[in-house]
Amino acid sequence: MVKAVVGANWGDEGKGKITDMLGKEADIIVRFQGGANAGHTIVNNYGKFALHTLPSGVFYDHTTSVIGNGVALNIPVLFHEIQGIVDRGVPMPKIKVSDRAQMVMSYHVLFDQYEEERLGKNSFGSTKSGIAPFYSDKYAKIGFQVSELFADREELMAKINRVCEQKNITLEHLYHKPALEPEKIYEELMEYKEMVAPYVCDVSAYLWNAIKEGKEILLEGQLGSLKDPDHGIYPMVTSSSTLAAYGAIGAGIPPYEIKKIITVCKAYSSAVGAGAFVSEIFGEEADELRRRGGDGGEYGATTGRPRRMGWFDCVASKYGCRIQGTTDVAFTVLDVLGYLDEIPVCVGYEINGEVTTDFPTTSLLEKAKPVLKVLPGWKCDIRGIKKYEDLPENCRNYIEFIEDQIGFPITMVSNGPGRDDIIYRQK
Ligand code: GDP
């Protein structure tokens with residue numbers, strides 16, 4: 001069976017922990033979009049790890065980790081990550097990289113930096129990992145696919161020359177930066193070839209056979225619904241689709257094979273980068289939630305940047321779950337809220353004097369003011385609780401209130417960062 005683990009919100013919902021946990025029953029874990037711009041933090045028997053490219057299943061020796069064609073593959077980052085986990089005692093993972101994945105080039109990273117510099121205060125808050133220039137090139141048909149590493153030198157050089165010609169015009173006239181040298185790009189590609197060659201695989205054929213053999217496959221999403229380029233808060237979005245539906249494309253499997261869509265939803269909100277964030281809080285209230293949030297505070301796994309904080313947003317989460325095609329909600333990081341006497345929840349948006357529970361397009365979103373409902377807190381530590389009935393009444397009321405608002409079943413409640421900190425709920 002194929003299951004997808006995806007985010008309902010702005011990312012950082014705890015997808016890594018849920019994938020790592022479900023990985024126990026999985027044979028194959030697939031990354032299908034995004035690149036090394038966001039990260040998952042995972043706590044397990046080997047320690048605490050921040051992964052950016054590897055799927056969260058790499059810690060099990062029974063799983064195969066797959067980088068699908070939809071990923072922005074940064075080969076040096078991937079190898080650094082593999083080395084990093086092996087050096088800390090994790091067995092060498094089984095990895096397959098799609099021959100149709102495209103590669104993030106060093107100049108993509110440079111273009112990302114140059115553009116953010118050029119935009120100054122209007123920048124997107126990019127992590128400068130080259131993701132937007134990478135996907136722009138992919139769709140402009142000037143990207144490099146892994147399979148091209150195995151082409152003749154002549155053929156590859158001809159394409160490199162074409163690409164450099166175009167890039168160099170922008171470098172010279174828009175950014176006033178040094179030009180690219182085709183020979184250097186060729187050398188870069190040959191270094192990548194050496195690193196990636198042992199792992200290259202026809203991933204869609206591999207997964208097709210795995211599905212036929214009844215293997216358990218997990219698709220692991222990066223970021224969340226609201227960062228999707230089509231359905232998110234455009235233009236403050238990422239450059240590849242964050243939706244489960246894209247899992248079929250970014251992994252190369254039939255869409256009807258995705259039987260379960262587990263949407264991870266955090267018990268409060270956080271966001272990185274610019275863009276409207278209706279339930280955002282500020283000052284000491286935000287600092288305290290940030291300090292206590294996640295596992296060791298709400299700071300970016302890739303950049304270390306403090307995340308923007310907010311109360312749970314039912315409007316955004318209802319939409320985020322719907323657009324993912326959610327079958328199950330995993331409600332995470334609930335334990336963090338145990339310090340609050342009262343917990344505000346955003347139940348509606350007031351836009352131009354009218355209240356709505358439907359998530360609007362960006363220009364209206366900018367005008368939205370949160371309508372808050374305050375729920376009583378439970379004022380205790382819920383970590384270690386294993387049964388839903390054993391949660392304090394106010395905590396269950398919080399979960400059930402939110403479930404009612406978003407309209408999708410919360411079948412898992414995560415009450416700590418570890419693999420076993422999970423409460424299953426029959427629905
Ligand atoms: P992802 O990108 O969606 O995987 O999310 P991140 O890894 O950026 O953020 C999730 C953070 O919360 C990580 O530090 C996790 O270890 C932590 N985490 C996940 N679930 C829980 C939970 O239920 N409780 C607590 N306290 N931390 C959690």
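Just follow the structure's listing: the first ligand is 1, and inside any ligand the first atom is 1.
In the vicinity of K17, heavy-atom distances shorter than 4.0 Å reach the ligand 1 atoms 19 (C), 20 (N). Residue contact check: E13 has heavy atoms under 4.0 Å from atoms 3 (O), 5 (O) of ligand 1. Listed by number with element, the atoms of ligand 1 under 4.0 angstrom from any heavy atom of S414 are 20 (N), 21 (C), 22 (C), 23 (O). If you number the atoms of ligand 1 from 1 as listed, the ones under 4.0 Å from a heavy atom of R383 come out as 26 (N). Near G294, the atoms of ligand 1 lying under 4.0 angstrom from a non-hydrogen atom of the residue are 12 (O), 25 (C), 26 (N), 27 (N).
Other residues, nucleotides and ligands contribute more than 12 heavy atoms inside 6.0 Å of the NZ atom of K94.
Taking a 4.0 Å cut-off on heavy atoms, R307 registers as neighbouring ligand 1. Ligand 1 is approached by N415 to a heavy-atom distance shorter than 4.0 Å. Using 4.0 Å as the threshold, G7 has no heavy atom nearer than that to any atom of ligand 1.
Between F32 and Y246, the ring planes lie tilted relative to each other; the angle falls in the 30° to 60° range. Using cut-offs of 30° and 60° on the angle between ring planes, the pair F111 and Y107 is perpendicular. Using a 30° and 60° split on the angle between ring planes, H62 and Y60 fall in the tilted class, from 30° to 60°.
For G14, a nitrogen or oxygen atom sits less than 3.5 Å from a nitrogen or oxygen atom of ligand 1, counting backbone and side chain alike. Ligand 1 has a nitrogen or oxygen under 3.5 angstrom from a nitrogen or oxygen of G16.
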*asked:* Assess the residue pair E288 and R292 against the criterion (salt bridge (charged side-chain N to carboxylate O under 4.0 Å, His left out)); give the C-alpha distance rounded to whole Å, side-chain angles, the decisive distance to 0.1 Å, and a yes or no.
replied: CA-CA 6 Å; E288 178 150 33; R292 292 173 176 269; 2.9 Å; yes

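Residue-level proximity to ligand 1 for D335 is carried by the side chain, the only part with a heavy atom below 4.0 angstrom. Within the 4.0 Å heavy-atom criterion, both parts of K15, backbone and side chain, lie near ligand 1.
Remark: R425 qualifies as a cation-pi partner of Y388 under the 6.0 Å distance and 45° angle criteria applied to the six-membered ring.
Aromatic ring centres of Y398 and F312: separated by at least 6.0 Å.
Put simply, the side chain of E13 never gets that close to the backbone of T332: no donor and acceptor are under 3.5 Å apart.
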